[in-house]
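Quick notes on the structure that follows.
The chain is numbered in sequence order, starting from 1.
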Amino acid sequence: MQTEITRLLGIEYPIIQGGMAWVAEYHLASAVSEAGGLGIIGAASAPADWVRQQIQKVKSKTEKPFGVNVMLMSPYADEVAKVVAEERVKVVTTGAGSPEKYMKMWKEAGVKVIPVVASVALARRMERCGADAVVAEGTESGGHIGESTTMTLVPQVVDAVHIPVIAAGGVADGRGIAAAFMLGARAVQLGTCFVTAKESWVHENYKKAILKARDIDSRVTGRSTKHPVRTLRNQMTKEYIDRENAGASLEELENLTLGGLRKAVVEGDVIHGSVMAGQIAGLVKEELSCQEWMDKLVRETDELLKGTNCYE
Ligand code: TUI
């Protein structure tokens, strides 16, 4: 299953684990990398020291390539960006902004840079400033999202840039991966299915919420505040959307979600917390190890694409 992305990153399979805030720590990232994909540590809003420790822990668990996701809205983004270069991390992905100001430092340190984009315009800008690839992330994804769907965004980004494109949003099985290849993607980034993986340290309640989610259980809060975030529906999303519709202030709305992801991931409060997950949660029905996930995804994709000139 070789593609431009497996060659660029030196990985076995074109399957990347999303750098999810609070979820993507070293146990998960090292397990995905060991299974032949690309594991990613989600730096989110964590301090640089925490990120350095996580990087060192992954290095102690696997020799294989792994990445770090830098969340650009973090108050620690500058320091985390420096740690990534100092630790010579093989790959960095970025989210929630443009990483232009770090590009020179990362390239000089030999880091492959893969910004996550939700529009053609940002994809073009990223190519111009030296990105090695982009992740085109559709609105089906969990967490902070853009407007376009994966089905519409991926082919438009593929046509707009010459660097390889990784599809994200709404993929959790071989059908989704095969579809992403048909749209011109050279790899996929998956989040929701890896949240439920055996090696994922999220609270059991969080895993159960995803495993029992149906197709209609996804909600987006914060459209009115320009910070749309996709989660599973619960008491928090109901209150948020009710108050949002009633014209609540930004401050009041922010208070409803403040610390909500930590509450759900660490404390297991899936009633008041932010249970970030993609729209594909309804398809994720079993808790598998990362190796089992990888074997299943690769087998299904292979079967679907067999006999065709599949991956490029
Ligand atoms: O970043 C994500 N997903 C995330 S970040 C996150 S932490 C967070 N939690 C609560 C509120 C806000 C953040 C949880 N999930 N995905 C990648 C992504 N990036 N999606 C959308 C974007 C994006 C949006 C605007 C990228 C760039 C951008 O504007 C850049 C510019 O300067 O034009």
Side-chain angles (χ1 to χ4, degrees), residues 1 13-21 23-24 28 31-32 35-40 42 116 118 135-146 148-154 166-183 185 187-200 202-220 228-234 237 261 264-265 270 274-306:
M1 234 178 157
Y13 304 120
I15 298 174
I16 297 171
Q17 164 241 315
M20 301 163 284
V23 176
L28 184 61
V32 172
L38 185 79
I40 293 189
V116 179
V135 175
E137 187 186 270
T139 196
E140 295 93 323
S141 308
H144 179 53
I145 49 169
S148 301
T149 60
T150 303
M151 179 77 104
T152 58
L153 181 67
V154 172
I166 299 159
V171 181
D173 68 3
R175 290 172 297 185
I177 299 176
F181 283 133
M182 294 298 121
L183 297 175
V188 289
Q189 179 181 279
L190 275 46
T192 305
C193 65
F194 287 124
V195 180
T196 65
K198 285 187 181 142
E199 295 89 343
S200 154
V202 306
H203 197 285
E204 273 308 305
N205 294 353
Y206 203 117
K207 288 190 184 180
K208 280 191 192 128
I210 291 177
L211 295 172
K212 75 175 180 50
R214 297 164 300 166
D215 56 337
I216 54 170
D217 288 336
S218 189
R219 290 291 181 277
V220 177
V229 172
R230 182 179 300 287
T231 63
L232 293 181
R233 79 183 166 104
N234 60 7
T237 61
L261 183 59
V265 170
V270 294
S274 292
V275 189
M276 292 187 191
Q279 276 185 326
I280 203 68
L283 199 69
V284 179
K285 291 285 167 227
E286 47 185 352
E287 186 178 344
L288 302 176
S289 68
C290 291
Q291 187 67 63
E292 286 166 341
W293 265 116
M294 208 61 74
D295 292 345
K296 175 178 181 293
L297 294 166
V298 171
R299 189 185 64 244
E300 289 173 356
T301 310
D302 261 341
E303 277 172 17
L304 284 166
L305 299 179
K306 208 179 289 169

To the nearest 0.5 Å, atom CD1 of Ile177 lies from atom CD1 of Ile15 at 4.0 Å

Assess whether side chain to side chain donor-acceptor pair (under 3.5 Å) is satisfied between Ser218 and Gln279, documenting all intermediate values.
-> CA-CA 6 Å; Ser218 189; Gln279 276 185 326; 4.9 Å; no

Sorted by chain and residue number, the side-chain contact (heavy atoms from CB on, under 4.5 Å) partners of Glu199 (sequence neighbours excluded) come out as Ala31, Ala197, Ser289, Cys290

The side-chain contact (heavy atoms from CB on, under 4.5 Å) partner of Cys193 among Leu283, Val284, Leu288 is Val284

Minimal heavy-atom distance between Val275 and Tyr206, with the atoms involved, is C-OH, 3.4 Å

Heavy-atom closest pair (Thr301 atom, Met1 atom, distance to 0.1 Å) is CG2-CE, 3.4 Å

All heavy atoms of Val195 vs all of Ser200, minimum pair found to be O-OG, 2.7 Å

Residues Leu305, Met182; criterion side-chain contact (heavy atoms from CB on, under 4.5 Å); working and verdict:
CA-CA 10 Å; Leu305 299 179; Met182 294 298 121; 3.6 Å; yes

Minimal heavy-atom distance between Leu232 and Ala281, with the atoms involved, is CD2-CB, 4.1 Å

Distance col, row Thr196:OG1 vs Glu286:CD, nearest 0.5 angstrom, shows 9.0 Å

Check your understanding: Hey, is the main chain of Val270 close enough, under 3.5 Å, to the side chain of Asn234 for a donor-acceptor pair?
Key -> yes

Between Ala168 and Thr150 the two heavy atoms that sit nearest each other are O-OG1, 3.1 Å

Sorted by chain and residue number, the side-chain contact (heavy atoms from CB on, under 4.5 Å) partners of Ala179 (sequence neighbours excluded) come out as none

Sequence neighbours excluded, the answer for side-chain contact (heavy atoms from CB on, under 4.5 Å) partners of Arg233 is Arg214, Asp217, Arg219, Thr237

Heavy atoms of Thr139 and Gly146 approach each other most closely as OG1-O, 2.7 Å

Donor-acceptor under 3.5 Å (Thr149 side chain, Gly138 main chain): no

side-chain contact (heavy atoms from CB on, under 4.5 Å) test vs Val32 passes for just one of Trp293, Tyr13, Phe194, namely Phe194

Here the salt bridge (charged side-chain N to carboxylate O under 4.0 Å, His left out) pairs for residues 287-296, sequence neighbours left out, are Lys198-Glu292, Lys207-Glu287, Lys296-Glu300

Residue set satisfying side-chain contact (heavy atoms from CB on, under 4.5 Å) with Leu183, at least two apart, ordered chain then number -> Met151, Val154, Pro155

- Test log, rule side-chain contact (heavy atoms from CB on, under 4.5 Å), inputs Val171 and Ile280: CA-CA 7 Å; Val171 181; Ile280 203 68; over 6 Å; no

If only atom types and distance count, is the side chain of Glu137 paired as donor or acceptor with the main-chain N or O of Ala118 below 3.5 Å?
no

Exercise. Quick check: does any side chain N or O of Arg230 sit under 3.5 Å from a backbone N or O of Gly278, one acting as donor and the other as acceptor?
Worked result: no

Heavy-atom neighbours of Lys285 NZ exceed 12 at 6.0 Å:
yes

For residues 166-175, the salt bridge (charged side-chain N to carboxylate O under 4.0 Å, His left out) pairs (sequence neighbours left out) are Asp173-Arg175

